[in-house]
Amino acid sequence: MKIPFNKPYLTGKEAHYMYQAVFSGHISGNGLFTKKCHKFFEEQYGFRKALLTTSCTDALEMAALLANIKPDDEVIVPSYTFVSTALAFVRQGGKIVFVDSREDHPGIDEKAIEEVITPKTRAIVPVHYAGVACDMEIIMNLSEKYNLIIIEDAAHGIDSYYKGKPLGSFGSFGSLSFHETKNIISGEGGMLLINNESFIERAEIIWEKGTNRAAFFKGEVDKYSWVDIGSSFLPSDIIAAFLYAQLENIENIQRKRLWNWNKYYEGLKALENRGLIRLPYLPEYASNNGHMFYLICNTAGDRNRLIKYLKEQDISVVFHYQSLHKSPYYINFHDGRTLKWADFYSDNLVRLPMYYEISEEQIDFIVEKINKFFLLNH
Ligand SMILES: *Cc1c(COP(=O)(O)O)cnc(C)c1O
(Lines give C-alpha, C1' and ligand atoms only; values in the text may rest on other atoms or scores of the structure.)
Protein backbone atom coordinates (compact mmCIF):
# COMPACT_ATOMS: atom_id res chain seq x y z
CA MET A 1 0.00 0.00 0.00
CA LYS A 2 1.16 3.49 -0.87
CA ILE A 3 2.59 5.59 1.96
CA PRO A 4 1.29 9.16 1.47
CA PHE A 5 3.42 12.21 2.23
CA ASN A 6 0.80 13.62 4.58
CA LYS A 7 -2.44 12.45 6.10
CA PRO A 8 -4.57 14.92 8.10
CA TYR A 9 -5.22 13.54 11.57
CA LEU A 10 -8.65 13.76 13.18
CA THR A 11 -8.93 13.53 16.95
CA GLY A 12 -12.56 12.36 16.77
CA LYS A 13 -14.16 15.42 18.37
CA GLU A 14 -14.09 17.71 15.31
CA ALA A 15 -17.53 16.86 13.89
CA HIS A 16 -19.08 16.94 17.36
CA TYR A 17 -17.85 20.47 18.06
CA MET A 18 -18.81 21.63 14.57
CA TYR A 19 -22.33 20.31 15.19
CA GLN A 20 -22.40 22.25 18.46
CA ALA A 21 -21.25 25.39 16.70
CA VAL A 22 -23.91 25.02 14.01
CA PHE A 23 -26.72 24.58 16.51
CA SER A 24 -25.50 27.26 18.91
CA GLY A 25 -27.13 29.84 16.65
CA HIS A 26 -23.86 31.72 16.10
CA ILE A 27 -22.01 30.37 13.09
CA SER A 28 -20.34 33.52 11.79
CA GLY A 29 -16.97 34.65 13.13
CA ASN A 30 -15.86 35.43 16.68
CA GLY A 31 -18.29 33.01 18.32
CA LEU A 32 -17.88 30.69 21.30
CA PHE A 33 -15.27 28.37 19.75
CA THR A 34 -13.24 31.26 18.33
CA LYS A 35 -13.04 32.69 21.84
CA LYS A 36 -12.00 29.29 23.23
CA CYS A 37 -9.20 29.09 20.64
CA HIS A 38 -7.98 32.60 21.45
CA LYS A 39 -8.00 31.80 25.16
CA PHE A 40 -6.07 28.59 24.59
CA PHE A 41 -3.17 30.39 22.90
CA GLU A 42 -3.17 33.35 25.27
CA GLU A 43 -3.17 31.13 28.37
CA GLN A 44 -1.04 28.22 27.23
CA TYR A 45 1.74 30.26 25.60
CA GLY A 46 1.32 33.72 27.07
CA PHE A 47 0.74 35.50 23.74
CA ARG A 48 -0.59 38.97 24.54
CA LYS A 49 -3.41 38.69 21.99
CA ALA A 50 -4.44 35.95 19.53
CA LEU A 51 -6.81 36.46 16.58
CA LEU A 52 -8.00 33.52 14.52
CA THR A 53 -7.76 34.08 10.76
CA THR A 54 -8.74 32.10 7.68
CA SER A 55 -5.05 31.33 6.98
CA CYS A 56 -1.50 32.14 7.97
CA THR A 57 -1.33 34.14 4.73
CA ASP A 58 -4.18 36.30 6.05
CA ALA A 59 -2.40 36.72 9.38
CA LEU A 60 0.71 37.93 7.52
CA GLU A 61 -1.42 40.30 5.44
CA MET A 62 -2.91 41.71 8.64
CA ALA A 63 0.61 42.17 10.02
CA ALA A 64 1.64 43.99 6.82
CA LEU A 65 -1.35 46.35 7.20
CA LEU A 66 -0.70 46.90 10.90
CA ALA A 67 3.02 47.53 10.30
CA ASN A 68 1.86 50.10 7.74
CA ILE A 69 4.13 48.80 4.98
CA LYS A 70 4.02 51.31 2.12
CA PRO A 71 5.39 51.40 -1.44
CA ASP A 72 9.20 51.34 -1.46
CA ASP A 73 9.50 50.17 2.14
CA GLU A 74 11.99 47.32 2.27
CA VAL A 75 11.09 44.07 3.99
CA ILE A 76 13.74 41.43 4.72
CA VAL A 77 12.58 37.86 4.05
CA PRO A 78 14.42 34.55 3.60
CA SER A 79 14.40 33.31 0.00
CA TYR A 80 13.91 29.70 1.07
CA THR A 81 10.31 29.97 2.28
CA PHE A 82 6.71 29.72 1.18
CA VAL A 83 5.31 32.40 -1.15
CA SER A 84 3.06 33.96 1.51
CA THR A 85 6.01 35.14 3.64
CA ALA A 86 6.85 37.61 0.87
CA LEU A 87 3.48 38.00 -0.84
CA ALA A 88 1.74 39.63 2.12
CA PHE A 89 4.22 42.54 2.01
CA VAL A 90 4.37 42.78 -1.79
CA ARG A 91 0.60 43.43 -1.80
CA GLN A 92 1.27 46.59 0.19
CA GLY A 93 3.84 47.72 -2.37
CA GLY A 94 6.78 46.63 -0.23
CA LYS A 95 10.09 45.70 -1.82
CA ILE A 96 11.38 42.31 -0.75
CA VAL A 97 15.06 42.02 0.09
CA PHE A 98 15.93 38.34 0.23
CA VAL A 99 18.45 36.82 2.61
CA ASP A 100 20.18 33.49 2.15
CA SER A 101 19.74 30.34 4.26
CA ARG A 102 22.31 29.15 6.80
CA GLU A 103 24.91 26.64 5.76
CA ASP A 104 23.89 24.30 8.59
CA HIS A 105 20.11 24.85 8.41
CA PRO A 106 17.57 25.95 5.75
CA GLY A 107 16.38 28.85 7.97
CA ILE A 108 17.44 32.47 7.42
CA ASP A 109 21.14 33.27 7.94
CA GLU A 110 20.74 35.66 10.86
CA LYS A 111 24.31 36.89 10.47
CA ALA A 112 23.64 37.96 6.85
CA ILE A 113 20.69 40.23 7.73
CA GLU A 114 22.54 43.32 8.94
CA GLU A 115 24.43 43.85 5.67
CA VAL A 116 21.17 44.32 3.70
CA ILE A 117 19.59 46.80 6.12
CA THR A 118 19.20 50.29 4.57
CA PRO A 119 17.42 53.47 5.69
CA LYS A 120 14.34 52.13 3.83
CA THR A 121 14.18 48.85 5.76
CA ARG A 122 11.01 48.62 7.82
CA ALA A 123 10.62 44.99 8.84
CA ILE A 124 12.26 41.57 9.11
CA VAL A 125 10.17 38.43 8.63
CA PRO A 126 12.06 35.44 10.07
CA VAL A 127 10.61 31.99 9.30
CA HIS A 128 11.14 29.23 11.87
CA TYR A 129 11.80 26.56 9.26
CA ALA A 130 10.63 23.07 10.26
CA GLY A 131 9.61 24.49 13.64
CA VAL A 132 13.28 25.13 14.50
CA ALA A 133 13.79 28.58 16.00
CA CYS A 134 15.78 31.29 14.28
CA ASP A 135 18.42 32.86 16.52
CA MET A 136 16.00 35.43 17.95
CA GLU A 137 18.65 37.17 20.04
CA ILE A 138 20.45 38.36 16.89
CA ILE A 139 17.16 39.35 15.22
CA MET A 140 15.76 41.21 18.25
CA ASN A 141 19.04 43.10 18.61
CA LEU A 142 18.77 44.25 14.99
CA SER A 143 15.18 45.26 15.63
CA GLU A 144 16.28 47.49 18.47
CA LYS A 145 19.38 48.88 16.79
CA TYR A 146 17.60 49.88 13.54
CA ASN A 147 14.04 50.30 14.84
CA LEU A 148 12.59 47.50 12.68
CA ILE A 149 9.31 45.66 13.13
CA ILE A 150 9.69 41.89 13.53
CA ILE A 151 6.98 39.64 12.13
CA GLU A 152 7.62 35.96 12.86
CA ASP A 153 6.30 33.53 10.29
CA ALA A 154 5.73 30.65 12.70
CA ALA A 155 3.62 28.64 10.23
CA HIS A 156 5.70 25.55 11.14
CA GLY A 157 6.41 26.69 14.67
CA ILE A 158 3.41 25.85 16.84
CA ASP A 159 4.39 24.71 20.33
CA SER A 160 8.10 25.13 19.64
CA TYR A 161 10.53 27.32 21.55
CA TYR A 162 13.63 29.51 21.48
CA LYS A 163 15.44 29.23 24.83
CA GLY A 164 12.17 28.10 26.39
CA LYS A 165 10.06 30.98 25.03
CA PRO A 166 7.36 30.12 22.46
CA LEU A 167 7.90 30.94 18.79
CA GLY A 168 5.58 33.74 17.72
CA SER A 169 6.07 35.60 21.02
CA PHE A 170 9.22 37.57 20.09
CA GLY A 171 8.18 39.92 17.31
CA SER A 172 5.51 42.61 17.39
CA PHE A 173 3.59 39.99 15.42
CA GLY A 174 3.67 36.25 14.91
CA SER A 175 1.63 34.08 12.59
CA LEU A 176 0.58 30.43 12.79
CA SER A 177 -0.92 28.14 10.14
CA PHE A 178 -3.56 25.46 10.61
CA HIS A 179 -3.43 24.32 6.98
CA GLU A 180 -3.95 20.57 6.74
CA THR A 181 -0.22 20.02 6.16
CA LYS A 182 0.71 21.51 9.55
CA ASN A 183 0.80 19.88 13.03
CA ILE A 184 -2.53 21.30 14.23
CA ILE A 185 -5.11 21.76 11.52
CA SER A 186 -8.51 23.19 10.58
CA GLY A 187 -8.35 22.56 6.82
CA GLU A 188 -7.47 26.15 6.07
CA GLY A 189 -6.82 28.41 9.02
CA GLY A 190 -4.31 30.60 10.77
CA MET A 191 -3.70 32.95 13.65
CA LEU A 192 -2.23 36.39 14.16
CA LEU A 193 -0.33 36.79 17.43
CA ILE A 194 0.06 40.35 18.67
CA ASN A 195 2.69 40.85 21.33
CA ASN A 196 2.82 44.63 21.23
CA GLU A 197 -0.08 46.11 23.17
CA SER A 198 -0.26 49.23 21.01
CA PHE A 199 -1.38 47.26 17.93
CA ILE A 200 -4.27 45.35 19.53
CA GLU A 201 -7.12 47.81 19.08
CA ARG A 202 -6.33 48.42 15.40
CA ALA A 203 -5.83 44.67 14.82
CA GLU A 204 -9.39 43.98 16.01
CA ILE A 205 -10.70 46.65 13.62
CA ILE A 206 -8.75 45.39 10.59
CA TRP A 207 -9.87 41.83 11.44
CA GLU A 208 -13.55 42.82 11.13
CA LYS A 209 -13.73 44.79 7.86
CA GLY A 210 -12.44 48.08 9.23
CA THR A 211 -15.27 48.40 11.73
CA ASN A 212 -15.18 48.86 15.47
CA ARG A 213 -17.52 45.90 15.89
CA ALA A 214 -15.35 44.28 18.59
CA ALA A 215 -15.35 47.47 20.69
CA PHE A 216 -19.13 47.80 20.15
CA PHE A 217 -19.83 44.28 21.47
CA LYS A 218 -17.59 44.94 24.47
CA GLY A 219 -19.72 48.03 25.16
CA GLU A 220 -16.76 50.37 24.66
CA VAL A 221 -18.51 52.45 21.97
CA ASP A 222 -22.26 53.05 21.53
CA LYS A 223 -22.45 52.52 17.81
CA TYR A 224 -20.59 50.42 15.34
CA SER A 225 -19.05 52.22 12.36
CA TRP A 226 -16.54 52.10 9.56
CA VAL A 227 -13.39 53.49 11.15
CA ASP A 228 -10.36 52.17 9.20
CA ILE A 229 -9.19 49.88 6.39
CA GLY A 230 -9.51 46.13 6.87
CA SER A 231 -10.93 42.98 5.43
CA SER A 232 -12.90 39.91 6.45
CA PHE A 233 -10.03 38.06 8.08
CA LEU A 234 -12.04 36.09 10.63
CA PRO A 235 -13.23 32.53 9.91
CA SER A 236 -16.62 31.08 10.68
CA ASP A 237 -17.02 29.61 14.16
CA ILE A 238 -17.46 26.19 12.48
CA ILE A 239 -13.76 26.29 11.55
CA ALA A 240 -12.87 27.33 15.09
CA ALA A 241 -14.87 24.36 16.42
CA PHE A 242 -12.80 21.97 14.31
CA LEU A 243 -9.61 23.64 15.48
CA TYR A 244 -10.58 23.47 19.14
CA ALA A 245 -10.86 19.66 18.96
CA GLN A 246 -7.28 19.59 17.71
CA LEU A 247 -6.01 21.98 20.37
CA GLU A 248 -7.43 19.80 23.12
CA ASN A 249 -5.15 17.04 21.79
CA ILE A 250 -2.05 19.08 21.09
CA GLU A 251 0.14 17.29 23.65
CA ASN A 252 -0.68 13.88 22.24
CA ILE A 253 -0.21 15.05 18.65
CA GLN A 254 3.17 16.64 19.35
CA ARG A 255 4.37 13.62 21.32
CA LYS A 256 3.58 11.22 18.48
CA ARG A 257 5.15 13.44 15.81
CA LEU A 258 8.33 13.77 17.85
CA TRP A 259 8.43 10.02 18.33
CA ASN A 260 8.20 9.59 14.53
CA TRP A 261 10.91 12.19 14.02
CA ASN A 262 13.31 10.47 16.42
CA LYS A 263 12.65 7.10 14.81
CA TYR A 264 13.68 8.50 11.40
CA TYR A 265 16.70 10.19 12.93
CA GLU A 266 18.00 7.02 14.58
CA GLY A 267 17.41 4.98 11.44
CA LEU A 268 19.28 7.37 9.16
CA LYS A 269 22.12 8.45 11.41
CA ALA A 270 24.56 5.87 10.04
CA LEU A 271 24.18 7.40 6.56
CA GLU A 272 25.00 10.82 7.96
CA ASN A 273 28.02 9.42 9.80
CA ARG A 274 29.29 8.07 6.49
CA GLY A 275 28.88 11.49 4.88
CA LEU A 276 26.22 10.33 2.41
CA ILE A 277 23.47 12.68 3.62
CA ARG A 278 22.89 15.45 6.17
CA LEU A 279 20.14 15.21 8.79
CA PRO A 280 18.30 18.17 10.37
CA TYR A 281 20.45 20.30 12.65
CA LEU A 282 19.00 21.58 15.93
CA PRO A 283 20.85 24.52 17.51
CA GLU A 284 21.06 24.20 21.30
CA TYR A 285 18.64 27.14 21.76
CA ALA A 286 15.90 25.52 19.65
CA SER A 287 13.27 22.91 20.52
CA ASN A 288 11.84 20.38 18.07
CA ASN A 289 8.09 20.13 17.43
CA GLY A 290 8.28 17.24 14.95
CA HIS A 291 6.76 19.33 12.20
CA MET A 292 8.91 17.99 9.40
CA PHE A 293 11.52 15.35 8.73
CA TYR A 294 13.89 16.17 5.92
CA LEU A 295 17.26 15.01 4.76
CA ILE A 296 19.79 16.80 2.60
CA CYS A 297 21.51 15.00 -0.23
CA ASN A 298 25.03 15.89 -1.34
CA THR A 299 23.97 16.53 -4.93
CA ALA A 300 20.78 17.38 -6.81
CA GLY A 301 21.31 14.20 -8.81
CA ASP A 302 21.23 12.08 -5.63
CA ARG A 303 18.12 13.92 -4.46
CA ASN A 304 16.21 13.40 -7.70
CA ARG A 305 17.23 9.75 -7.99
CA LEU A 306 16.22 9.15 -4.36
CA ILE A 307 12.77 10.67 -4.92
CA LYS A 308 12.30 8.52 -8.03
CA TYR A 309 13.51 5.36 -6.27
CA LEU A 310 11.21 5.87 -3.26
CA LYS A 311 8.24 6.59 -5.54
CA GLU A 312 8.85 3.23 -7.19
CA GLN A 313 8.53 1.69 -3.70
CA ASP A 314 5.18 3.51 -3.24
CA ILE A 315 6.65 6.00 -0.76
CA SER A 316 5.67 9.64 -1.43
CA VAL A 317 8.52 11.99 -0.71
CA VAL A 318 8.74 15.56 -1.92
CA PHE A 319 11.22 18.37 -2.23
CA HIS A 320 10.37 21.72 -0.69
CA TYR A 321 10.61 25.42 -1.56
CA GLN A 322 12.09 26.77 -4.75
CA SER A 323 14.03 29.95 -3.89
CA LEU A 324 11.71 32.93 -4.13
CA HIS A 325 14.41 35.22 -5.56
CA LYS A 326 14.29 33.00 -8.66
CA SER A 327 10.50 32.68 -8.84
CA PRO A 328 8.83 33.71 -12.11
CA TYR A 329 6.99 36.48 -10.26
CA TYR A 330 9.87 38.02 -8.34
CA ILE A 331 13.03 37.27 -10.35
CA ASN A 332 12.90 40.61 -12.15
CA PHE A 333 12.45 42.56 -8.92
CA HIS A 334 15.31 40.81 -7.15
CA ASP A 335 18.51 42.84 -6.82
CA GLY A 336 20.60 40.09 -8.41
CA ARG A 337 22.55 38.84 -5.39
CA THR A 338 23.36 35.13 -5.49
CA LEU A 339 21.84 33.19 -2.61
CA LYS A 340 23.85 30.05 -2.65
CA TRP A 341 22.38 28.12 0.25
CA ALA A 342 18.76 28.87 -0.61
CA ASP A 343 19.46 27.39 -4.06
CA PHE A 344 21.32 24.49 -2.46
CA TYR A 345 18.30 23.52 -0.32
CA SER A 346 15.95 24.00 -3.31
CA ASP A 347 17.99 21.38 -5.16
CA ASN A 348 19.11 18.97 -2.44
CA LEU A 349 16.48 18.75 0.29
CA VAL A 350 13.84 16.01 0.46
CA ARG A 351 11.01 15.67 2.97
CA LEU A 352 9.86 12.26 4.22
CA PRO A 353 6.27 11.23 5.07
CA MET A 354 5.42 12.76 8.45
CA TYR A 355 2.01 12.54 10.06
CA TYR A 356 0.39 11.37 13.27
CA GLU A 357 -0.84 8.04 11.98
CA ILE A 358 2.27 6.81 10.20
CA SER A 359 3.18 3.47 11.82
CA GLU A 360 6.48 2.27 13.23
CA GLU A 361 6.56 -0.43 10.52
CA GLN A 362 6.08 2.18 7.79
CA ILE A 363 8.94 4.30 9.14
CA ASP A 364 11.13 1.16 9.36
CA PHE A 365 10.26 0.37 5.75
CA ILE A 366 11.11 3.91 4.55
CA VAL A 367 14.39 3.94 6.52
CA GLU A 368 15.34 0.54 5.11
CA LYS A 369 14.72 1.69 1.53
CA ILE A 370 16.71 4.91 1.98
CA ASN A 371 19.63 2.98 3.44
CA LYS A 372 19.44 0.52 0.58
CA PHE A 373 19.41 3.34 -2.00
CA PHE A 374 22.56 4.97 -0.66
CA LEU A 375 24.43 1.73 -0.08
CA LEU A 376 23.63 0.55 -3.63
CA ASN A 377 24.63 3.86 -5.16
CA HIS A 378 27.84 4.61 -3.29
C1 LIG B 1 2.07 26.95 5.25
C2 LIG B 1 2.90 28.18 5.27
C3 LIG B 1 2.36 29.47 5.13
C4 LIG B 1 0.93 29.71 4.70
O5 LIG B 1 0.01 29.17 5.53
P6 LIG B 1 -1.53 29.18 5.09
O7 LIG B 1 -2.23 28.92 6.38
O8 LIG B 1 -1.67 28.05 4.11
O9 LIG B 1 -1.82 30.49 4.51
C10 LIG B 1 3.17 30.57 5.29
N11 LIG B 1 4.48 30.43 5.56
C12 LIG B 1 5.04 29.22 5.69
C13 LIG B 1 6.49 29.14 6.04
C14 LIG B 1 4.28 28.06 5.52
O15 LIG B 1 4.86 26.86 5.60
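Both ligands and their constituent atoms are indexed starting at 1 by order of listing.
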**Item:** Part of Tyr321 within contact of ligand 1 (heavy atoms, under 4.0 Å)
**Value:**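 Just the side chain.
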Listed pairs under 3.5 Å, donor-acceptor, residues 306-314 side chains, sequence neighbours left out:
from	atom 1	to	atom 2	distance (Å)
Lys308	NZ	Glu312	OE2	3.2

Mark up the atoms of ligand 1 that fall under 4.0 Å of a heavy atom belonging to [X], in ascending order.
| X | result |
| --- | --- |
| Cys56 | 4 (C), 5 (O), 6 (P), 7 (O), 9 (O), 10 (C) |
| Val127 | 13 (C) |
| Gly189 | 7 (O) |

**Prompt:** Should one rank Ser177, Ala155, Gly190 by closest heavy-atom distance to atom 14 (C) of ligand 1, which comes out on top?
**Reply:**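 Result: the heavy atom closest to atom 14 (C) of ligand 1 is in Ala155.
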**Item:** Minimum non-hydrogen distance to atom 8 (O) of ligand 1, winning option of His179, His128, His156
**Value:**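 When every heavy atom of His179, His128, His156 is considered, His179 comes closest to atom 8 (O) of ligand 1.
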**Request:** For Asn252 and Lys256, test the side chains for any donor-to-acceptor distance below 3.5 angstrom and give the result as yes or no.
**Result:**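 No donor-acceptor contact under 3.5 Å links the two side chains.
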**Message:** Looking only at the side chains, is there a donor atom on one of Tyr146 and Glu114 sitting less than 3.5 Å from an acceptor on the other?
**Reply:**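 Side-chain D/A pair, Tyr146 to Glu114: present.
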**Request:** Verify the ring-centre separation between Phe170 and Tyr162: is it less than 6.0 angstrom?
**Result:**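 Under 6.0 Å, so yes.
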**Item:** Min heavy-atom dist Ala59 to ligand 1 below 4.0 Å
**Value:**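 Distance cut 4.0 Å: Ala59 fails for ligand 1.
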**Prompt:** Is NZ or CZ of Lys7 both nearer than 6.0 Å to the six-membered ring centre of Tyr356 and within 45° of the ring axis?
**Reply:**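 Because its charged atom misses either the 6.0 Å distance or the 45° angle limit, Lys7 does not stack over Tyr356.
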Quick one: look up the protein heavy atom nearest [atom] and list residue, atom name and how far away it is.
| atom | answer |
| --- | --- |
| atom 9 (O) of ligand 1 | Thr57 OG1, 2.5 Å |
| atom 3 (C) of ligand 1 | Phe82 CD2, 3.7 Å |
| atom 10 (C) of ligand 1 | Asp153 OD2, 3.6 Å |
| atom 2 (C) of ligand 1 | Lys182 NZ, 3.0 Å |

**Asked** Under 3.5 Å, is there a donor-acceptor pair between the side chain of Ser160 and the main chain of Gly131?
**Response**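 It does hold such a pair.
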**Request:** Determine yes or no for a side-chain-to-main-chain donor-acceptor pair under 3.5 angstrom, with Trp341 supplying the side chain and Asp343 the backbone.
**Result:**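 Here the side-chain-to-backbone pair does not exist.
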**Message:** Applying side-chain hydrogen bond (donor to acceptor under 3.5 Å, both in side chains), can you list everything that pairs with Glu197, at least two apart in sequence or on another chain?
**Reply:**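 side-chain hydrogen bond (donor to acceptor under 3.5 Å, both in side chains) list for Glu197, sorted by chain: Arg48.
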